Structures are given as structure tokens and as C-alpha cells.
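Take a look at the structure set out below.
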2 protein chains.
Amino acid sequence: MRIRLIELNRISAYCSGNVSPEWGIRGTTMSGKRSPARRPTMKDIARHAGVSQSAVSFALNGRPGVSEDTRERVRRVAEELGWRPSTAARALSGEGAATVGFVLARPADTLGVDSFFLQLVSGIQEVLAERHLGLLFQVVEDVADECAVYRRWWAEHRVDGVLVVDPRTDDPRPGLLDELGLPAVVIGGAPDDRHPGLSTVWADDAGAMASVVDGLYALGHRRIVHIAGLPGLAHTERRIRTLRAEAGRRGLSEVKSVTTDYSDAEGAAVTRRVLEGPTPPTALIYDNDVMAVAGAAAAAELGFSVPADVSVVSWEDSALCRMVKPWLSALSRDSVEFGRTAARELTALLDGGSARAVRVPVPRLVERGSTGVARGA
Amino acid sequence: MRIRLIELNRISAYCSGNVSPEWGIRGTTMSGKRSPARRPTMKDIARHAGVSQSAVSFALNGRPGVSEDTRERVRRVAEELGWRPSTAARALSGEGAATVGFVLARPADTLGVDSFFLQLVSGIQEVLAERHLGLLFQVVEDVADECAVYRRWWAEHRVDGVLVVDPRTDDPRPGLLDELGLPAVVIGGAPDDRHPGLSTVWADDAGAMASVVDGLYALGHRRIVHIAGLPGLAHTERRIRTLRAEAGRRGLSEVKSVTTDYSDAEGAAVTRRVLEGPTPPTALIYDNDVMAVAGAAAAAELGFSVPADVSVVSWEDSALCRMVKPWLSALSRDSVEFGRTAARELTALLDGGSARAVRVPVPRLVERGSTGVARGA
DNA sequence: ATTAGTGACTAATGCGCATTAGGCTCATCG
DNA sequence: CGATGAGCCTAATGCGCATTAGTCACTAAT
């Protein structure tokens, strides 16, 4: 009796699969009106394949408990029906949301021209897409809002982990994420012992700064101004500290850093201010490409020729650096790969791996036309 | 008997809420090890408030069936516990995923310096954040991949709707989204009657192009080259068609469009090619800021002075346009507001509103130093 | 005084999946 | 020849929420 029924089911499933599937993914309501479309579920697969819903689950998840034969059949049916697991249901049954979060804490108007993030994100995506992980993205005003977003995401069960950018000194985020138990990778921060749960992917800013100063020193530069980015950002502070140390080591007194908001406006303004001083610097190091370009233009306007009067280095390479004359020498790094690495670390964490600190290659100085021997050297 | 029990529950809830809540959101496992944190659920709230779980649901969702008194109490408890509805559970019980999708189909290396998308996204976020809607973001290589992503998102029940950018001629996406019944807003496409289910937010490129040509014509320009963006994009084609029409209307034969990939390299290359021809144009219209800047630089290298020899107009305004000398005249639009509008349309759609086509203001030409009277005019 | 009605809850169900606990059949061993 | 176990499945349960169907006490109307 029982066997009979099952057999019948199997036969009908077999037929419908090969001859005329009465079970498409398009539904038709009673009224005859065409409903938009119906998502196939495991139940549908089960009916189609003539097995129980649990068997389907076992089959599709590689769990033992079904014959290879059945497994294959179930897989085929799932494929035909275009089935995909509902992330909602998966998340609900404890499997996680299959999503990672990414928050960008920058005021909308500061977003402007920034090639770094888009490239970073595209690298991240590459890795996440392979594993069908979604990327939940949000732009907020400041770090406080960012923390609120993490809390919400966590409470709403929206993400399995997050990628944190722009680490700061006295950053509240690592502590919060630790508390929430949300796996996270900090991008661009130096390794931090206080939060063993977080992974870190970082570039050796200190080393890069040292080598830039080395190079400029060799070219005879003794007065150097570093037009830095936002104060409070970990890498800004690292660069500033290193510059000071390098200057101290060489006994250079006319070397300093000035922090800005990364905008072209401030980049130009600071440039004008320092160049109009009594003893203008002979070399300028900008923390991003936008300021470097704006600064170089400002210098030119003041009658300073680049690189004869003043050398310019951009700490970010992009098409922008090749849009002005002379082309700007820049520290080049592979932002896409940076993103890939970060995403890989996060997936490793999600797989239960333990946190670690990964260092990506030191940015390389690409010498173009904007750096030269110091005037008078 | 029953009353008694309920009363007791209420009292105990009252006490625990005010004196020593034994129910925090932090859990402690049996072994004494501190578990990372526990998400409070409606069950917790129910226990705390001494009511059933359904009552909590009614209370929190503004449904009738509970007294104002209870409602308020439940709300307070939920607040105290830091409760947030699990999106997974919500989605599973048919409420939608509280997420909208956004796919960017551009090869990774083409992403480069683009201010438009980041601004667009930040505008979108502003509106979505208000309603606690998440934004699922993905970067893919081409439109085929993009379609695959929509299918997957739909099958996985991941998004309630999507925002579509870069509409094309013969675009497969509207049809697909229609088929899937996925609410969508097309950003930048002209209204399309064939897909009544989709909303559209668009700017009047045709009108803008006409006014730009008007302006250049008035300055004496008769030979104009339009360095357009990617062929196949709806707005590229619209601009090209309009330019041709305007030229025809005025009997100008030396007016043409050349399509590119939006990169600085092609912008410069095309510029060189047309300027080195026998009768070089006196005005160049670039479809984005990156090409405009690169093109202006290329022109300068060839000995063409801007705007004396050739006028330059950028169809995208950004800090970039103010980083070169002379500053570039540009068509300025409020990309952030554009994003807001699109997001608002999508939320309206999600609320059950019907699709419509919304036109945002025509981009306005900001005259800067790069446009002038045509040589010889 | 009985009935209908209403307000305020609680119980029960389902969403789509993973998982645990059983159930049935057949081969193997003592 | 009955007991044991392995193999292959099915049934049942839970996740967190929304929702529908009761339940119970109390009021208004007949």
C-alpha cells in the first residue's frame, strides 16, 4: 500500500519532469489572473521528486541520509525549478543571513570624487559573490550613527559580519562589535591586541612614509609639508607620527603635518598657506589624490612650478593623477586586491576561523613628473 | 484562578522591570562562559510584560486587540530590551525583506573616478534609512550578470524591490523584473510604456542637450563634437539623437557624436583625433567630467587653448571640473536629490502605489571659464 | 434574566528551512 | 532463526514573527 503510493509518486514525477511539467514556477491564481511568479520551495521539489521535504534538505545540503540516486534526482529537480534557498528561512533556522555589512561614515558632501571606496567595494564583491554572500551597504554621517547601524543590523539579524573602514584612534567600533559578537574585519587599521576577535587587514603606512621621506631627502628636500587627511583616523595619525620620527632622526626641523578634511578646497587652501609662508617647503605630500591635484593647481597659480620649485607626492593613485601636468608621482596600491583580501578574511572568520592580522603590500611610489631635485640642492 | 495567575505575572513583571531585571539581553551559558550576546525576541518581551506573544505583536504593530495600557507597557519593555524585529522572521511571514537592491554593472576597472554613483547612493540611503530599509549592493561585469543577480535575489527572497541604473536600448531588465513581479525604479531612463509596472525617474537629457547647443550656437560655434559615453545606454542615445536633430534644424553639417567607454584614456584619445583633423571642432561636449578634464588637457597639449581655440563643456559637474585651468563649464545636477527621488518612488511602489514616471529638473549649465566665443565668429 | 456583543487576551498555525527523532527494509551475524 | 545494525526515508519540531481562530469576562440590549 505504502510502497505503491510512493512508487506512483515517483513515476508521476518522472513523467512530469520529462513530458509535460504541470509544475512550473509560474503560478496561476484561482481567478485565472496571472500571479507575478511563485518562488519554488523545497516542498515543491519534494512533491516533484516524490520524496519528503527532509530528504530534499539532506540531498541539497550534502548531508548523509539519502542515496546518491535520490540526491542526484533532487538536485536536478531543484535546478529545473530554479530553486534557491530563501535567505530568510535559512537565517531563521540559525544559518546566518548570508550577508555582510559595510558602513561608510562620511557626510554626503564629502563623498565627492573618491576612487578608493568604489574599487575597494568591487574587490570585496568579487569574493563575496563567489559564495553568494550579499553586501548590505550604508552611508551614514558619523561613527556614532555607524555604531547604531551595527546594533540595528545585529538585532535585526541582518548580517553575519561586517567590514569596518576608516579605523580611528579611540575607536568605539571594535569594542561594540566584540560585545555584539559580530565577526568583523577592520580595513586599514594597525593590528590591535585589545580586540582579539577582530581581524585586521592593513598596509604599512609607516614604512611607506619612511620610504617617501627617504626619497625626498635623497633629492635634497629638507622642508617638507604633509597635507594629511582627517585627524583621528588611525592611518592619518600613523603617517603623522612616522613623519615626525623620520624628521627627528634626520634632524629636520622644518617638516610638519597639517590635517584636513580630504577635500580639494582644503587641499588647495593649506597649500596656499604654506607656500606663502616665509620659508616655503620644497616638497608636499598629500594624503589623497584629490588634494594633491588641487594643491598642485594652487601651487601653479602662486607661481610655483612643479617640480622645479616644489615637489608633489599623492598618497593615492588614480586617473586623477594623470589628468594634470605634470603627472603626479603617487603611492600606488591595489585597492581592488585590498578589498578582496578583506573579504577573504571575513569569510574565513565566518567559517569559524580565528582572527588574524594580515598585512598587504606596502604602497609603491610611482615616480612621475611631479617630483624632482630640491631647488638649491 | 486564571485571573490570579495573570495578576501575578503582571506583578512579577512590574517588579523585575523596576528592581532587578533577571532578564538582560546578555546571556550566560550553563557552563558559565559568557555567550557573546543574545538577541531579545518577542517571547522575551512577552515574558517580561506578562502577556502572550500575540499580544506583544499586536501592541508593537499598532494592531487592535490590546488596551492602550498594555500597549504602552509592551512598548516600554521592548525598548528596554533593545528589541528589533528579526528581518528574517518578518520576511518569512510574508512581510518582505525590508531591503532593496542596487546593482552596478560596470567592469571593475571602469569604476575609476566616478562621483555620480556615490552621490546617487548616498541620496538613496537617506530615504531608505528613514524607513529602516537596507540596501543590498552588488557590482557585476555586465547586464547578463545583473539579470542573474535579480533572479537570485528574487528566488532567495532577498529584496523587495530594486533600483536599476544605466538603462539601455533593448534592455532585458525591465521585462525580467516585470516577469518576476519585482517592484523597480529605473533611474535615468525615459518613460517606457511597455512596462507599466516600473517607475521611472529621469532627467530631460534632450532638453539639456538642446539648450547646450543653443548656447554654443549663440557663441558662434558651428563645428561641435560630442564625446559621448557608452553606446547602447539609453541616455547616450537620447543625447546623440537630440544633437543630430538640433544640428539638422540649424543646417549644421559638421556636428557629430563619438561614443566612448567614459574613461579618461578614450576621452583624451578621441579629443586628439578630432582636433588633429582637417577642420577641427570649435566646441567639445563631453558626457562626463573625467573625459572632459582629460580631453581639455589633451587639447592643451596639442596647442589648442581653452576656450580661445576650443570650448569645452562637461556633462557632469564635480570637484574635478574645478581642478583644472580654466575651470570647466558643466551641466550641473543634484545627484543626491536624484537618488532621493528614486528611492522615494521605490518606497511608494513598495507601499502599493502605482508606477509613474517622474522627471527631475533639467541639468543646469554652469558657465565657467571653458566656454567662449568661437574663434572667427 | 437571557442573549448578543464587545474588548482584551491567549492559543494555534504557517512561512521555508535545518535538524532530530523515529520507522521500515534488508543484509549480517551469532 | 531471531537479534542487530546499517541504509534510506518520513514525521515532527523549532527558529521569530504575523495572523486567524478561539476564549473569557463583562456590558448593553431585549
Side-chain angles (χ1 to χ4, degrees), chain A residues 1-7 9-10 13 25 38-47 49-74 78 81 83-98 154-158, chain B residues 1-7 9-10 13 25 38-47 49-74 78 81 83-98 154-158:
Chain A
M1 191 64 171
R2 181 126 215 168
I3 308 172
R4 181 84 166 264
L5 186 59
I6 293 178
E7 287 302 326
N9 278 345
R10 279 186 183 164
I25 64 163
R38 214 178 72 80
R39 293 177 180 78
T41 71
M42 291 183 43
K43 219 190 217 162
D44 299 330
I45 300 178
R47 205 168 334 197
V51 295
S52 74
Q53 186 264 111
S54 337
V56 173
S57 177
F58 294 151
L60 296 175
N61 293 309
R63 291 263 179 293
V66 288
S67 62
E68 260 325 300
D69 218 41
T70 308
R71 194 184 296 279
E72 196 39 52
R73 186 156 42 92
V74 167
L81 258 42
W83 178 84
R84 289 251 76 212
S86 148
T87 44
R90 269 230 155 97
L92 201 53
S93 43
E95 293 296 282
W154 172 80
E156 292 181 352
H157 210 141
R158 264 183 186 280
Chain B
M1 191 66 169
R2 184 126 211 168
I3 309 173
R4 182 87 167 264
L5 186 58
I6 293 178
E7 288 301 325
N9 278 347
R10 281 188 180 161
I25 65 162
R38 215 178 71 80
R39 294 175 178 80
T41 71
M42 292 183 45
K43 219 188 216 163
D44 299 331
I45 301 179
R47 205 167 334 197
V51 294
S52 74
Q53 185 263 115
S54 336
V56 173
S57 177
F58 293 152
L60 296 175
N61 293 310
R63 292 264 178 293
V66 288
S67 62
E68 260 325 300
D69 217 40
T70 307
R71 193 184 295 280
E72 196 39 53
R73 187 156 41 92
V74 167
L81 259 40
W83 178 85
R84 289 250 77 211
S86 148
T87 44
R90 269 228 155 97
L92 200 53
S93 44
E95 293 296 283
W154 172 80
E156 292 181 353
H157 210 141
R158 265 182 185 281

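Quick note on labels: first sequence line is chain A, next is B, and so on, each numbered from 1. As the structure is a computational prediction, the values presented were derived from the model and not from experiment.
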_Presence of A:Ser57 side-chain N/O under 4.0 Å of C:dA18 phosphate oxygens OP1/OP2_ = yes
_Could you work out, with side chain to side chain contact (heavy atoms under 4.5 Å, CB included) as the rule, every residue matching B:Ala155, not counting sequence neighbours?_
A:Arg84
*Taking only the side-chain nitrogens and oxygens of A:Arg90, find out if one of them lies under 4.0 Å from OP1 or OP2 of C:dA18.*
yes
_Given 3.5 Å as the limit, does a donor-acceptor pair link the side chain of A:Arg158 with the main chain of A:Ala97, or not?_
no
*Report which part of the nucleic acid B:Glu95 touches: base, sugar-phosphate, or nothing (heavy-atom distance under 4.0 Å, all strands).*
sugar-phosphate
*Mind checking A:Ser86 for me? I need base, sugar-phosphate or nothing, with any heavy atom below 4.0 Å counting as a touch.*
sugar-phosphate
*Please determine if a side-chain N or O atom of B:Ser67 lies less than 4.0 Å away from the OP1 or OP2 oxygen of C:dG7.*
no
*Touch check for B:Gly94, heavy atoms < 4.0 angstrom, all strands: base, sugar-phosphate only, or nothing?*
nothing
*Within the structure shown, what part of the strands sits under 4.0 Å from A:Arg71 by heavy-atom distance: base, sugar-phosphate, or nothing?*
nothing
*Considering only side-chain heavy atoms of A:Thr41, which listed nucleotide, D:dA12, C:dG16, D:dT19, is closest?*
C:dG16
_Can you work out whether B:Gln53 or A:Ala88 has the more 5'-proximal nearest nucleotide on DNA chain C?_
B:Gln53
*Using whole Å, report how far CZ of B:Arg39 lies from C1' of D:dG16.*
12 Å
*So which of B:Asp44, B:Val74, B:Thr41 actually passes side chain to side chain contact (heavy atoms under 4.5 Å, CB included) with B:Val56?*
B:Val74
*asked:* The criterion is side chain to side chain contact (heavy atoms under 4.5 Å, CB included); which residues satisfy it with A:Ser67, sequence neighbours excluded?
replied: A:Asp69, A:Thr70
*asked:* Need to verify one output field. Residue with the more 5' nearest nucleotide on DNA chain C, B:Phe58 or B:His157?
replied: B:Phe58
*Taking all non-hydrogen atoms of both residues, which atom of A:Val66 and which atom of A:Ala55 are closest, and how far apart?*
CG1-O, 3.7 Å
*Side-chain N,O (A:Ser52) to OP1/OP2 (D:dT10) below 4.0 Å*: yes
_Residue A:Leu92, side-chain atoms from C-beta onward, closest of C:dA18, D:dC15, D:dC9_ = D:dC15
*Looking only at N and O atoms, is any donor in the side chain of B:Ser54 or the base of D:dA18 less than 3.5 Å from an acceptor on the other one?*
no
_Tell me whether the side-chain N/O atoms of A:Arg63 come closer than 4.0 Å to OP1 or OP2 in C:dA18._
no
